[in-house]
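Let me begin by presenting the structure, written as C-alpha cells, before commenting on it.
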Amino acid sequence: MQPLRKWQSDCLTQAKVHFSNHSDFFVQATPASGKTRLAAEIAQWLLEEGHIDFVICFAPTREVVAGIERTFTAVLNQRFGDTLASVGAAYTYQSMEYQSPDFWTLFTAYRTLTIFDEMHHCAGHDPLLSNTWGQQIIQRIQNAATYTLALSGTPWRSDKLPIALARYTDPEGQLICDYRYDLQTAIQDGVCRSPRITLIDNPQIQLVEENENTASVRAFSSFKQLLGESPISYEDLLRHDDILNAVLDVGIDRLSEVRKTVPNAGGLVVATDIEHAHQIAELLKAKNEGYMVVTSQTPRAHQLIDQYRHNSTRWIVAVSMISEGTDIQRLCVCTYLSRIRTELHYRQVLGRILRKIGAADNEAWLYVIAEPLLRKYSQRIADDLPEDQATLQTKKLNERLEKARLDHANGCSDSITATNDSHSPIEDADESEQLSIEPPLLTLSFSQYYRQYLLSLI
C-alpha cells in the first residue's frame, strides 16, 4: 500500500480525537483526493482499538461499492464484502429499502462504524423532510450505529434540504464539516490534477425558420444568444452532428497530445441518453477512434468498465455509469455532453478526471458547450482557486478564425447547413409541404470554426 497522503494522515489524527467524545464525523474532501482510503484507515484504527465489531458502508452506485470493497480488503487485510466471516460489507443506498429485519439488528446487537459515501445524497433531519435514503438513516441508523463517518466531495443539495446526520450553523445554515480538504489545496499538494475547462462556442450561427410560405434567417453570435433568443434548446445542440464533431475533435486532439507522455491516457464522453451515446459512438467510429459504450442497458457494464480501467482503449462513452466515486485513474480528458445542468453533477464529472497517475501528470481537460449555466459553474471553479489566478481566455480553434474572416470578405460561404432534408431550406421547398409544417421547420447553420474559451489556471 502507498503511504498515506498528508491530508489523510492529518484527518485520521483528527478523527481519533473526535471519536473520543463524539459519534459522528463529517469529512468534505475534493473528488479524487482519496476519501475511500481515509475511511478504510479510520475503520482499521477503530477495529484495532477494539471500539467496533463491524464496518457497514453505503454508497450511491454498484461501481463505487466495488471500489470500497477493493480498498477495504487491501487496507484491513481481511475479508470485506457480503460474504461469510467478513469484517464488514458495502451496499448501495438503494438496497436499504430491501434489507431484511435481521440486517438492521446488526446496528443494535453489535458495535458498528457506519460509513456513508457521498452523503449529500441523503437528505433530511426528520422523517417528514427527508428523501427515502435519509429516512432510512434517521429511523434505523442514527441512534443505533456506534460511530458514523460521512464523506462528501460536493456537500450540497439542489433542493436545499439538509443532509442527514450533518450539523449546520445557526442562524446562517452553513454546513459544519469536521475536516475539509478543498481542490485548491489538493492541487497545491500534488494530490489532484489541475483542471483546464474549455467552453466551445460559435460566433457565426444562422437559424432559418420556415412557416407556411415564409422563411426568415436570423444570425446569432454565440450559443448563449441562440438559446436565449430562439426556440432552439440546449438538448438540440447536444444532438447536432456539427457541434458534436467540433467538441469531439478538440477532445481527440487533446487526448492524442496527452498520450505522447501518458500512453494509456483515456477520455470520457458523458452522453445524455442511450440513443445519444450511440450517436456519439458512430462519430468516434468515423474518426477511427477506439471506444467503448456503457449504459444501463449494456450487458456486463460493470465488467466492461473494469476492463477499460486496465486496458488502453482511447474513449469510454457513458450514460450515468461513470459518475461520482468511480475510480479510473487514466481518465484525464472529458467531453461533457450531458443534458444535466446542475452544479453538483458538473463537479462530480470533473472529479472523474482529477485523479493523478504520477508526479508529472498535472492536468485534466474538460470540454463543454458554452451554455450559460455551464459557463457559470466553470467560473465558480475558477473562483475556488484564487491563488491560481484563474482567468478566462479566448483562443482560436485550428487557426480557422482568420481564414473564415478572409473567406467572408471575399464573398465565400463558409457555413455548414444542418438539415434532415436534402434540398435547400428556402428555394427548393415545395409550397404545399410548407403549408403543412407546424410548428416552423428550423434549420441551423454554423460557421466552420469554433471558438474555445479556456478556463486556464496559471
Side-chain angles (χ1 to χ4, degrees), residues 198-202 205-208 223 226-227 230-256 266-301 304-305 307-308 313-323 326 328 331 333-342 345-346 348-349 352-353 365-371 373-374 397-398 415-422 425 441-450 452:
T198 304
L199 297 118
I200 309 299
D201 210 339
N202 193 301
I205 305 170
Q206 287 189 330
L207 175 63
V208 178
F223 287 135
L226 175 71
L227 294 172
S230 82
I232 299 299
S233 70
Y234 173 60
E235 190 164 345
D236 291 332
L237 300 181
L238 290 176
R239 298 182 187 277
H240 199 295
D241 279 354
D242 283 357
I243 296 175
L244 291 178
N245 276 315
V247 178
L248 291 174
D249 282 346
V250 291
I252 288 168
D253 289 345
R254 176 57 56 186
L255 183 58
S256 296
L268 167 66
V269 183
V270 182
T272 286
D273 53 35
I274 295 173
E275 180 184 1
H276 190 228
H278 288 290
Q279 178 186 1
I280 292 167
E282 287 299 313
L283 296 177
L284 289 173
K285 182 179 180 181
K287 300 174 189 295
N288 296 314
E289 289 288 300
Y291 66 89
M292 177 183 295
V293 178
V294 288
T295 74
S296 59
Q297 294 184 6
T298 303
R300 302 183 300 108
L304 292 175
I305 292 172
Q307 289 177 22
Y308 181 85
T313 302
R314 285 172 64 93
W315 292 96
I316 185 164
V317 184
V319 182
S320 302
M321 297 299 293
I322 301 178
S323 54
T326 305
I328 304 177
L331 286 178
V333 176
C334 175
T335 60
Y336 188 88
L337 298 169
S338 171
R339 66 184 168 201
I340 301 174
R341 286 169 291 164
T342 65
H345 187 263
Y346 188 60
Q348 288 169 348
V349 169
R352 297 317 97 217
I353 58 174
W365 295 85
L366 178 64
Y367 296 96
V368 62
I369 295 172
E371 187 274 339
L373 277 176
L374 296 176
L397 176 60
N398 296 335
S415 64
I416 302 174
T417 300
T419 176
N420 293 326
D421 302 315
S422 59
L441 174 66
L442 303 177
T443 305
L444 275 179
S445 175
F446 301 95
S447 65
Q448 63 179 266
Y449 69 91
Y450 288 77
Q452 292 186 68

Tell me the closest heavy-atom pair linking [X] and [Y], and the distance in Å.
| X | Y | result |
| --- | --- | --- |
| A301 | V294 | O-CG1, 4.1 Å |
| S296 | M321 | N-SD, 4.0 Å |
| R314 | Y308 | O-OH, 3.0 Å |
| V317 | A271 | CG1-CB, 4.3 Å |
| V270 | C334 | CG2-SG, 3.9 Å |
| A318 | L268 | CB-CD1, 4.2 Å |

Interatomic spacing from [atom1] in [X] to [atom2] in [Y] - rounded to 0.5 Å:
| X | Y | atom1 | atom2 | answer |
| --- | --- | --- | --- | --- |
| I205 | L226 | CD1 | CG | 5.0 Å |
| L373 | R341 | CG | CZ | 6.0 Å |
| L244 | L238 | CG | CG | 7.5 Å |
| L284 | Q279 | CG | CD | 11.0 Å |
| R339 | D273 | CZ | CG | 5.5 Å |
| I353 | W365 | CD1 | CH2 | 10.5 Å |

- Item | Qualifying residue, where the test is side-chain contact (heavy atoms from CB on, under 4.5 Å) with I280 and the options are T272, V269, T335 |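 Running side-chain contact (heavy atoms from CB on, under 4.5 Å) over T272, V269, T335 with I280 returns exactly one hit, V269.
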Would you say that [X] contacts [Y] through its side chain, given a criterion of any heavy-atom pair below 4.5 Å between the two side chains?
| X | Y | answer |
| --- | --- | --- |
| R352 | I328 | no |
| W315 | V333 | yes |
| S338 | H345 | yes |
| F223 | I243 | yes |
| K285 | Y291 | yes |
| V250 | I200 | yes |
| L237 | L227 | yes |
| H278 | V293 | yes |

- Start with the C-alpha gap between S233 and D236, add the side-chain angles, then the distance that decides, and say whether side-chain hydrogen bond (donor to acceptor under 3.5 Å, both in side chains) holds. CA-CA 5 Å; S233 70; D236 291 332; 3.1 Å; yes
- Message: With a sphere of 6.0 Å drawn around CD of E275, does it hold more than 12 non-hydrogen atoms of other residues, nucleotides or ligands?
- Response: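 Count not over threshold, so no.
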